[in-house]
Amino acid sequence: SGFASPTRHVLEKNEAAASKLNMKLKEAYESLLSFFRPVTCRHKDEQTLLPCPVGEGLNTTECLENKCCPSKTSHELKCYMPFKDNLQLTFRLLVLVAGGFFILGCLPFCCCAFLQRSQCVNPLRRANNEVERTVWKKRAQSEDVYGLL
């Protein structure tokens, strides 16, 4: 019985970690989905108002918590579904595509700058054997000269 409780404790920790991961994935998915499906509460005259699935008789706070739009018409407060915002979607996609083109445009310059500094790709960065031998000879001669002093 002494071994059963630590195992159960580890399993509970694993289940808690898995549920936290699922929650994070769900939040990431929802934020990604809301980025590509923007909504607005501003409606035009030709659009029909659809009631919120949670209910119509909610106050403003409850309506907004359920991701619905509050509306005051005459005496009672109505809660309706938000509309797709095509203008916002167009703007977001335009910014996303422009950012992608900017990154693709900068990529060759970054690669060239990186490869230019690399010794294995750029032959001018490699040490020249003749120059290196000459430098070693000069150092050896200067050490001999300074050694005598």
Drop me the distance from [X]'s [atom1] to [Y]'s [atom2], to the nearest 0.5 angstrom.
{"X": "Cys52", "Y": "Tyr80", "atom1": "SG", "atom2": "OH", "answer": "11.0 Å"}
{"X": "Arg37", "Y": "Leu32", "atom1": "CZ", "atom2": "CG", "answer": "10.5 Å"}
{"X": "Glu62", "Y": "Cys68", "atom1": "CD", "atom2": "SG", "answer": "11.5 Å"}
{"X": "Glu27", "Y": "Lys24", "atom1": "CD", "atom2": "NZ", "answer": "9.0 Å"}
{"X": "Met81", "Y": "Thr48", "atom1": "CE", "atom2": "OG1", "answer": "11.5 Å"}

Subject >> Side-chain heavy-atom pair Tyr29, Leu25 within 4.5 angstrom cut-off >> reply: no
Subject >> Stepwise side chain to side chain contact (heavy atoms under 4.5 Å, CB included) test for Trp136 and Arg139 >> reply: CA-CA 5 Å; Trp136 282 109; Arg139 284 186 185 163; 4.1 Å; yes
Subject >> Least distance between heavy atoms, Pro70 atom then Leu64 atom >> reply: CD-CD2, 3.6 Å
Subject >> Closest non-hydrogen atom pair between Val39 and Pro82, with its separation >> reply: CB-CB, 3.8 Å
Output a table of donor-acceptor pairs, distance under 3.5 Å, between side-chain atoms of residues 92-100 and any protein atom two or more places apart or on a different chain; print 'none' if there are none.
unit_1, atom_1, unit_2, atom_2, d
Arg92, NH1, Ser34, O, 3.2
Arg92, NH1, Phe35, O, 3.0

Original post:
To which residues is Val135 joined in a hydrophobic cluster, defined by side-chain heavy-atom contacts under 4.5 Å among Ile, Leu, Val, Met, Phe, Trp and Tyr, whether direct or through other members?
Top reply: Val131
What donor-acceptor contacts under 3.5 angstrom involve side-chain atoms of residues 103-116, with partners at least two apart or in another chain?
none

Original post:
Just wondering, more than 12 heavy atoms not from Glu30 lying within 6.0 Å of its CD?
Top reply: yes
Subject >> SG-SG under 2.5 Å, Cys79 vs Cys63 >> reply: yes
